[in-house]
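A short worksheet on the structure shown next.
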Amino acid sequence: MAGPRRIVCLTEEPTEVLYAIGEQDRIVGISGFTVRPPAARREKPKVSAFTSAKIDAILALEPDLAIGFSDIQADIAQALIRAGVEVWISNHRSVEGIVDYIRRFGGLVGAAAAAEALAARAEAHLDAVRRAGERLPYRPRVYFEEWDDPPITGIRWVAELIRIAGGEDVFPERAAKPLARDRILADPGEVIARAPELIVGSWCGKRFRPAQVAARPGWAAIPAVASGQVHEIKSPIILQPGPAALFDGLDALHRLISAAAHAHPRRAG
């Protein structure tokens with residue numbers, strides 16, 4: 001077996017990739033937030049959250065590589081590096097970045113061919129959904145909310161998936177900002193002004209509540225609220241930058257966007 005043999009996955013996407021390319025035997029520890037694939041929760045010890053980790057438990061597993069994501073895991077990475085563990089923290093924020101991550105990760109673990117096949121399937125699926133999105137009678141305006149208090153708009157890969165699925169993100173300028181703090185809506189009235197025809201919520205770590213959203217002051221006037229187009233997509237399939245977002249997350253977005261487009265048929269422009 002070439003490449004690292006004892007991998008700790010600090011977030012879900014490396015776990016999902018390794019299972020998808022048939023390299024799950026390399027995994028010795030996973031994030032407690034992992035839900036995909038279900039087998040991982042049964043088979044692998046849980047040694048981390050997103051912003052914290054059981055460093056002693058990780059070291060006891062004698063990993064030769066730890067994989068994490070984003071600046072939020074910098075403290076975990078530092079602790080592991082100081083303990084002599086090799087660490088790779090990816091920081092991709094786009095659809096293209098997710099596909100590239102699959103390829104890079106596959107090469108890193110000595111499974112480039114299997115990773116290339118997975119990446120190619122993802123690209124083919126993206127193209128198929130993009131074509132389906134282009135056939136919709138109208139491109140609905142979409143407000144995506146990844147947290148409610150304070151309201152935080154969608155990250156870049158989500159905004160890109162919305163466009164691929166046939167919609168238009170109402171906060172494209174915010175999606176370009178990689179840090180969540182820069183996507184906070186200080187004035188929720190901005191959503192009213194942009195009049196989305198679809199609202200999608202994915203509150204990471206807790207259930208999305210459409211009734212609470214609809215009851216916000218002034219939001220009854222938003223077309224999405226008035227027409228009942230306020231829906232949830234579970235965070236594990238859309239807010240983790242791995243295969244789930246490119247397959248199940250994209251499909252979920254397309255179903256909602258398609259329904260909204262056909263519920264409000266009109267000519268684009």
Discussion item. How long is the straight-line distance from CD1 of Ile72 back to OG of Ser52, given to the nearest 0.5 Å?
Written reply: 12.0 Å

Practice prompt. Could you tell me whether the side chain of Cys9 reaches within less than 4.5 Å of the side chain of Leu18, counting heavy atoms only?
Written response: yes

Practice prompt. Grab the two heavy atoms, one from Tyr19 and one from Pro37, that are nearest each other, plus how far apart they are.
Written response: CG-CG, 3.4 Å

Worksheet entry | Student check: side-chain heavy atoms of Ile7 and Pro63 closer than 4.5 Å | no

Discussion item. For Gln240 and Glu16, which I'm curious about, is there any donor-acceptor pair between the side chains at under 3.5 Å?
Written reply: yes

Fill in: Sidechain-backbone polar pair: Arg174 side chain, Ile155 backbone, donor-acceptor under 3.5 Å
no

Fill in: Minimum side-chain heavy-atom gap Ile152-Leu185 below 4.5 Å
no

Worksheet item: Are Trp157 and Leu246 connected in a single hydrophobic cluster, I mean Ile/Leu/Val/Met/Phe/Trp/Tyr linked by side-chain heavy atoms less than 4.5 Å apart?
Response: yes

Discussion item. Evaluate Phe144 against Leu239 for side chain to side chain contact (heavy atoms under 4.5 Å, CB included), listing each step before the verdict.
Written reply: CA-CA 11 Å; Phe144 186 97; Leu239 289 183; 4.0 Å; yes

Worksheet item: For atom NZ of Lys46, is the number of surrounding heavy atoms from other residues, nucleotides or ligands below 6.0 Å larger than 12?
Response: yes

Practice prompt. Answer yes or no: does atom CZ of Phe33 have more than 12 heavy-atom neighbours from other residues, nucleotides or ligands under 6.0 Å?
Written response: no

Worksheet item: Are the side chain of Gln73 and the backbone N or O of Ile89 linked by a donor-acceptor pair below 3.5 Å?
Response: no

Item to complete: Provide the closest heavy-atom pair for Ile76 versus Phe50 in the form atom of the first, atom of the second, distance.
Response: CD1-O, 3.7 Å

Fill in: Minimum side-chain heavy-atom gap Val142-Phe171 below 4.5 Å
no

Item to complete: Quick one: pull up CD1 in Ile238 and SG in Cys204 and give me the separation to the nearest 0.5 Å.
Response: 12.0 Å

Discussion item. How long is the straight-line distance from CZ of Arg36 back to CZ of Phe247, given to the nearest 0.5 Å?
Written reply: 10.0 Å

Worksheet item: Would you call His231 and Leu198 a side-chain contact if the rule is heavy atoms closer than 4.5 Å?
Response: yes

Worksheet item: Closest approach of Val225 and Ala214, non-hydrogen atoms and distance?
Response: CG1-CB, 3.7 Å

Worksheet entry | Test log, rule side-chain hydrogen bond (donor to acceptor under 3.5 Å, both in side chains), inputs Glu168 and Tyr138 | CA-CA 10 Å; Glu168 293 294 339; Tyr138 175 67; over 6 Å; no

Worksheet item: Taking all atoms of both residues into account, what is the closest heavy-atom pair of Val35 and Pro236, and its distance?
Response: CG2-CB, 3.4 Å

Worksheet item: Under 3.5 Å, is there a donor-acceptor pair linking the side chains of Glu13 and Thr11?
Response: yes

Worksheet item: Using 4.0 Å as the upper bound for N to carboxylate O, is an ion pair formed by Asp248 and Lys234?
Response: no

Item to complete: Using the rule that two of Ile, Leu, Val, Met, Phe, Trp, Tyr join whenever any of their side-chain heavy atoms come within less than 4.5 Å, decide whether Ile222 and Ile257 are in one cluster.
Response: no

Fill in: Glu123-His125 side chain donor-acceptor pair, cut-off 3.5 Å
no

Worksheet item: Do Leu10 and Ile55 share a hydrophobic cluster (ILVMFWY, side-chain heavy atoms under 4.5 Å, transitive)?
Response: yes

Item to complete: Decide, yes or no, whether a salt bridge links Arg141 with Asp169 under the criterion of side-chain N to carboxylate O below 4.0 Å.
Response: no

Discussion item. If the threshold is 4.0 Å, N to carboxylate O, is there a salt bridge linking Arg216 and Glu145?
Written reply: yes

Worksheet item: With the 4.5 Å side-chain cut-off for hydrophobic clustering, are Val8 and Ile30 part of the same group?
Response: no

Worksheet entry | Option from Leu80, Leu65, Ile67, Ile81 for which side-chain contact (heavy atoms from CB on, under 4.5 Å) with Glu86 holds | Leu65

Discussion item. So that I can tick it off, tell me whether Asp127 and Arg130 are bridged by a salt bridge, with the cut-off set at under 4.0 angstrom between side-chain N and carboxylate O.
Written reply: yes

Worksheet item: Which pair of non-hydrogen atoms, one from Gly205 and one from Ser235, has the smallest distance, and what is that distance?
Response: N-OG, 3.9 Å

Worksheet item: In terms of side-chain geometry, is the basic nitrogen of Arg26 or Glu23 positioned less than 4.0 Å from the acidic oxygen of its partner?
Response: yes

Worksheet item: Do Pro150 and Ile184 come within less than 4.5 Å of each other through their side chains, counting heavy atoms only?
Response: yes

Worksheet entry | Basic-acidic side-chain contact under 4.0 Å: Glu232, Arg209 | no

Discussion item. Would you compute the distance between atom CG of Asp71 and atom CG of Leu179 and round it to the nearest 0.5 angstrom?
Written reply: 5.5 Å

Worksheet item: With no hydrogens and no angle check, is any side-chain donor or acceptor of His254 less than 3.5 Å from a backbone partner on Val129?
Response: no

Worksheet entry | Residues Glu160, Ser94; criterion side chain to side chain contact (heavy atoms under 4.5 Å, CB included); working and verdict | CA-CA 7 Å; Glu160 291 176 349; Ser94 66; 3.5 Å; yes

Worksheet item: When rounded to the nearest 0.5 angstrom, what distance separates CG in Asp25 from CZ in Arg6?
Response: 11.5 Å

Worksheet item: What is the ring orientation for Trp203 with Phe208, classed by angle as parallel under 30°, tilted 30 to 60°, or perpendicular over 60°?
Response: perpendicular

Discussion item. I need the Ser202 OG to Ile237 CD1 distance, nearest 0.5 Å.
Written reply: 8.0 Å

Worksheet item: Out of curiosity, does Val85 fall in the hydrophobic cluster containing Val28 (side-chain heavy atoms, cut-off under 4.5 Å, transitive links)?
Response: yes

Item to complete: May I ask you to decide whether Glu173 forms a salt bridge with Arg194, counting only side-chain N to carboxylate O separations under 4.0 Å?
Response: yes

Discussion item. For Glu96, is the CD atom crowded, meaning more than 12 foreign heavy atoms sit under 6.0 Å from it?
Written reply: no

Worksheet item: Is a side-chain N or O of Thr34 found less than 3.5 angstrom from the main chain of Ser31, in a donor-acceptor match?
Response: yes

Discussion item. With heavy-atom distances below 4.5 Å as the criterion, would you say the side chains of Tyr143 and Thr153 are in contact?
Written reply: yes

Worksheet item: Which atom names give the shortest non-hydrogen contact between Ala175 and Ala159, and what distance separates them?
Response: CB-CB, 3.5 Å

Worksheet entry | Arg104 to Tyr101, cation-pi by 6.0 Å centre distance and 45° axis angle | no

Worksheet item: So, does Arg156 use its side chain to make a donor-acceptor pair with the main chain of Lys177 at under 3.5 Å?
Response: no

Worksheet item: Is there side-chain contact between Glu146 and Val158, with at least one heavy-atom pair below 4.5 Å?
Response: no

Worksheet entry | Ile199, Asp251, Ile233, Ile162 screened by side-chain contact (heavy atoms from CB on, under 4.5 Å) with Leu256, the one that passes | Ile233

